[in-house]
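Just so we're clear, the structure is a prediction, and the values are computed from it rather than from any experiment. In what follows, residues are counted from 1 in the order of the sequence shown.
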Amino acid sequence: MHSRVPMVTVLALMALMPLFSGAVDIRQLRQLTAKHNVTCVLVFGDSSVDPGNNNRLPTTVKGNFPPYGKDFFDRRPTGRFSNGRLATDFIAEAIGYTKIIPAFLDPNLKPTDLLHGVSFASAASGYDDLTANLSQVLPVSKQLEYLKHYKLHLSRLVGVKKAQNIVNNAIFLLSMGTNDFLQNYYLEPNRPKQFNVEQYQNFLASRMFEDIKEMNRLGATRVVVVGVPPLGCMPLVRTLAGQNTCVESYNQVAWSLNAKIKEKLAILKKTIGIKDAYVDCYGVIQNAINNPKKFGLVETSKGCCGSGTIEYGDTCKGMTTCADPSKYAFWDAVHPTEKMYRILADEAIASLDGALID
């Protein structure tokens, strides 16, 4: 296996310089990884971390056409809902695995790619299985089933014992929750009949709790959970609400759900001893929107694709885009730009403190 950059070393460097500044001696950092057992990153979630699994599914929720991928390698649309790479790609690169985390369902996936981590995530999924079922995408239960397939493939490649060691020492990253409200609770009749908003938040946090317990049963010892972003700041939500500013009622729903997620993580740490980290996606995006110049951003209220107010997925297909996506927080009316994902990756790496490493 390739050598890897230890999280703690990356964390120390992050305090001193921007990510990928060129001043980092990557070779030296990777030599130091022998002291640490972190093996790879295994990713679960929605479009925020799906590098193209949905390309292989009978769903309309896809991003494998231009202008998606405008700034990806070879300007190639891969299924990532962004102009370039996702935060998980940057995290993998920063800690020395690979420049991208591939989709597990990618037909071009090579056996050796399994060693460096894969994503089981599916755009339009959520903590609630119903959310995924509405769009015919992969619920977490199916993503975990594919984890079992991954372990089998890995066992054939390196043997059962080493395969289990790779999984035991992987970082499991979980990022979802947005679609549970925007594509399910606020649009469909079933869940509002069963739950008020707070009850649904409790339900989602409980589902996450059970998902992580199942991950632990399958071998996970380190889990990173990415919080829900400020839903009310998405250009689409602002447009539908007829507001130029963030919609505070939606933001409050996201903030409350994140609080419940953090409570569940604390219980998991105490009861099953899993090491966890929480990435404050909400705070990072809100900070970037409130202080754009600090992050080199100019436009934070609309996306780069089309009008930037309503287009995402199919409605973004073939649309013209802004001249410089790196000045935008949002690529389409829902999803962040590569620049914003890079900013989120910075926060994620900073969240991977010593508690996550032996």
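Paired with Lys70 under the rule side-chain hydrogen bond (donor to acceptor under 3.5 Å, both in side chains), one option of Thr321, Thr337, Asn83 passes, and it is Thr321. Each of Asp89, Asp332, Asp71 was evaluated against Arg80; a single residue qualifies, Asp89, per the salt bridge (Lys or Arg N to Asp or Glu O under 4.0 Å) test.
Here the straight-line distance linking atom CG of Leu42 with atom CD1 of Ile166 works out to 9.5 Å at 0.5 Å rounding. With rounding to the nearest 0.5 Å, the separation of CZ in Phe72 from CG in Leu86 is 8.0 Å. How far CE of Met234 is from CG of Leu240: 12.0 Å, rounded to the nearest 0.5 Å. To the nearest 0.5 Å, atoms CD (Glu311) and CE (Met319) are separated by 4.5 Å. One finds the NZ atom of Lys302 at 11.5 Å from the OG1 atom of Thr300 (value rounded to the nearest 0.5 Å). In this structure, OG1 in Thr78 is found 7.5 Å from CD1 in Ile100, a value given to the nearest 0.5 Å.
Residues Val140 and Leu182 share a hydrophobic cluster, clusters being chains of Ile/Leu/Val/Met/Phe/Trp/Tyr side chains in contact below 4.5 Å. Under a hydrophobic clustering in which Ile, Leu, Val, Met, Phe, Trp and Tyr are joined whenever their side-chain heavy atoms come within less than 4.5 Å, directly or via other members, Ile261 and Phe195 fall into the same cluster. Criterion: ILVMFWY side-chain heavy atoms under 4.5 Å apart, direct or through other members. Under it, Phe73 and Ile91 are not part of a common hydrophobic cluster.
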- Item | Residue pair Val284, Ile343: steps toward the side-chain contact (heavy atoms from CB on, under 4.5 Å) verdict | CA-CA 8 Å; Val284 174; Ile343 293 165; 3.7 Å; yes
- Yes or no on salt bridge (charged side-chain N to carboxylate O under 4.0 Å, His left out) for Arg207 and Glu210, after CA distance, side-chain angles and deciding distance? CA-CA 5 Å; Arg207 293 308 312 146; Glu210 295 303 323; 5.7 Å; no
- Going through the checks in order, is the side-chain hydrogen bond (donor to acceptor under 3.5 Å, both in side chains) test met by Asp46 and Ser125? CA-CA 5 Å; Asp46 58 18; Ser125 192; over 6 Å; no
- Message: Show, in sequence, the C-alpha distance, side-chain angles and deciding distance for Arg238 and Cys246, and conclude whether the side-chain contact (heavy atoms from CB on, under 4.5 Å) test is met.
- Response: CA-CA 6 Å; Arg238 295 187 193 205; Cys246 296; 3.3 Å; yes
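In this structure, cysteines Cys305 and Cys322 have SG atoms that are not closer than 2.5 angstrom.
Listed by chain and residue number, Tyr68 satisfy the ring pair (Phe, Tyr, Trp, His ring centres under 6.0 Å) test with Phe65 (two or more places apart in sequence, or in another chain).
Summarising the geometry of Ile101 relative to Ala92, their closest heavy-atom pair is CG1-CB, 3.7 Å, with the distance given to 0.1 Å.
By the neighbour-count criterion of 12 heavy atoms within 6.0 Å, atom CD of Glu198 is sparsely surrounded, having that number or fewer from other residues, nucleotides or ligands. Under a cut-off of 6.0 angstrom, the local environment of CG in Asn196 is crowded, with over 12 non-hydrogen atoms contributed by other residues, nucleotides or ligands.
Glu299 contributes a side-chain N or O that, together with a main-chain N or O of Ser301, makes up a donor-acceptor pair within less than 3.5 Å. A donor-acceptor pair under 3.5 Å is absent between the side-chain atoms of Ser135 and the main chain of Val137, judged by distance alone. In this structure, the side chain of Glu338 engages the main chain of Arg85 through a donor-acceptor pair within 3.5 Å.
Taking a 4.5 Å side-chain heavy-atom cut-off between Ile, Leu, Val, Met, Phe, Trp and Tyr, the cluster of Leu152 contains only that residue.
Taking the six-membered ring where the residue is Trp, the centroids of Phe181 and Tyr250 are separated by 6.0 Å or more. Aromatic ring centres of Tyr146 and His149: separated by under 6.0 Å.
Salt-bridge annotation for Lys142 and Glu145: present, with a side-chain N of the basic residue lying under 4.0 Å from a carboxylate O of the acidic one.
The closest side-chain donor-acceptor pair between Asn165 and Asn169 falls under 3.5 angstrom. With 3.5 Å as the limit, one finds no donor-acceptor pair spanning the side chains of Asn53 and Ser122. Under the 3.5 Å distance criterion, with hydrogens and angles disregarded, no donor-acceptor pair is assigned to the side chains of Ser141 and Gln143.
Note: Phe172 and Phe44 have parallel aromatic rings, judged against thresholds of 30 and 60 degrees for the angle between ring planes.
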